Amino acid sequence: MAYVNENYLKLKGNYLFSEIARRVNAFTEANPDKKIIRLGIGDVTLPLPDACIRAMHSAVDEMSKKESFRGYGPEQGYDFLIDKIIKNDYNAKGISLDTDEVFISDGSKSDTGNIGDIFSGNNVVAVTDPVYPVYVDTNVMGGRSGALDENGKWSNIVYLPCTIENNFVPSLPEKRVDILYLCFPNNPTGTTITRQELKKWVDYARENNTVILYDAAYEAYISEENVAHSIYEIEGAKEVAIEFRSFSKNAGFTGTRCAFAVVPKQLYAFAENGDKVQLNKLWNRRHTTKFNGTAYIIQRGAEAVYSDEGKEQIKELISYYMENAAIIRNGLMGLGLTVFGGINAPYIWLKVPDGYDSWGFFDKLLGEANVVGTPGVGFGPSGEGYFRLTAFGDRANTIEAMERIKNLKF
Ligand code: PLP
């Protein structure tokens with residue numbers, strides 16, 4: 001008889017997005033003439049930059065000729081891409097990295113989800129709350145969660161609330177934690193923290209032998225000077241942090257799939273006998289055993305992100321989405337709503353008006369404005385009373401959605 005990993009049985013289905021789909025379907029069935037505008041899911045809508053498309057076309061042509069055909073590549077990624085990443089994303093900020101500290105992958109979802117493989121099931125994990133659900137669910141799968149309580153919290157996970165009360169800057173944990181997930185700029189709140197605040201986390205991790213898993217998927221949206229683009233801008237961070245970056249949100253690779261993880265060689269965790277173990281070696285072992293490399297064609301496309309033309313085109317993509325963000329922010333603030341995010345991230349996080357909870361506001365927006373957003377509570381208990389709208393929509397739809405919302409009475 002084969003037995004299943006019991007941890008999977010603890011997980012509920014993906015309640016958030018299936019419940020959204022259920023409510024939207026019920027609404028459209030009852031109101032087939034209504035045009036729904038979706039500002040819910042964090043997927044991009046503009047096509048890939050032309051520089052990337054051309055690079056991929058030419059890589060396809062290489063695949064058609066015996067002399068330039070490529071089969072399996074290095075699991076960790078091709079040097080042509082890793083070198084560009086190091087030069088542009090890190091050296092340009094005064095950070096040095098070796099080629100074997102960067103691991104190309106098929107996405108930050110996979111990387112942030114798989115990283116738990118190299119950590120013991122006994123680690124105490126902390127997450128900010130609300131949070132990108134992958135961090136929590138994969139720790140449930142890995143046996144680090146304990147049981148779910150009636151408030152939607154796992155008993156062995158430490159939740160660090162991010163709410164209006166602390167201006168979305170999480171406080172240091174009261175009890176020591178072994179692993180800490182940070183995501184800045186943040187999904188879902190769209191907020192971020194300053195370099196000085198990030199330094200407190202790096203110092204905490206250094207004092208407590210904590211490993212920080214730093215998700216910088218939205219780094220390209222940072223517009224303010226005092227926000228770090230990489231955690232390694234903070235002194236000593238290489239000894240405590242793994243960083244995750246993605247081409248999904250800057251260059252629109254959500255459907256094309258390319259990302260990378262940085263695992264510095266100075267970063268260690270402990271074996272049960274007290275020996276220090278280099279996490280770079282472990283991740284390399286994991287990556288090369290379970291992953292066979294991101295497609296050559298895609299890596300050539302990602303390389304073009306760093307060409308002059310690619311950089312210019314990406315700037316345009318980001319400014320398009322951030323103009324959407326401004327339209328949403330200003331529209332909501334004009335209605336007297338309390339709004340966060342949308343300055344360093346493509347998400348707008350609003351406090352729902354008095355008299356509503358997250359789902360109540362969802363129903364109001366869907367029913368009366370025919371606009372779909374995401375109830376904050378779906379991202380964790382501290383998200384109750386908040387609501388997320390994304391700036392990744394098409395411009396005309398974003399403007400129309402705001403016009404409709406302006407006509408609502410709260
Ligand atoms: N990390 C965060 C915080 C995200 O919001 C997302 C996607 O929405 C991802 C990672 C996933 O990125 P990728 O497309 O590289 O898997």
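Numbering of ligands and ligand atoms starts at 1, following listing order. Here the structure is a predicted model, which is why all the values come from computation and not from measurement. In what follows, residues are counted from 1 in the order of the sequence shown.
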Asn187 neighbourhood, listing ligand 1 atoms whose heavy-atom distance to it stays under 4.0 Å: 3 (C), 4 (C), 5 (O)

Any residue meeting ring-ring contact (aromatic ring centres under 6.0 Å, His included) with Tyr181, in chain and number order, not counting sequence neighbours: Tyr135

For Cys183, atoms of ligand 1 separated by under 4.0 Å from a heavy atom: 3 (C)

Atom 2 (C) of ligand 1: nearest protein contact (heavy atom, Å): Asp215 OD2, 3.4 Å

Residues Glu6, Lys10: salt bridge by 4.0 Å N-O rule: no

Atoms in ligand 1 with a heavy atom of Gly107 nearer than 4.0 Å: 15 (O), 16 (O)

Shortest protein heavy-atom distance from atom 9 (C) of ligand 1, along with the residue and atom involved: Tyr132 OH, 3.2 Å

Region of Ser108 that comes within reach of ligand 1 [heavy atoms, distance under 4.0 Å]: both

Check: Phe340 ring centroid to Phe168 ring centroid under 6.0 Å: yes

Numbered atoms of ligand 1 (with element) below 4.0 Å of Ser248, judged on heavy atoms: 13 (P), 14 (O), 15 (O)

4.5 Å side-chain heavy-atom contact, Leu160 and Leu180: yes

Arg388 charged N/C atom sitting above Phe379 aromatic ring, 6.0 Å / 45°: no

Full working for ring-ring contact (aromatic ring centres under 6.0 Å, His included) between Phe410 and Phe361: CA-CA 9 Å; Phe410 298 115; Phe361 191 74; 5.8 Å; yes

Shortest protein contact, atom 7 (C) of ligand 1 (heavy atom only): Lys249 NZ, 3.1 Å

Asp43 and Thr254: side chain donor to acceptor below 3.5 Å: yes

Ligand 1 contacted by Tyr218 (non-hydrogen, < 4.0 Å): yes

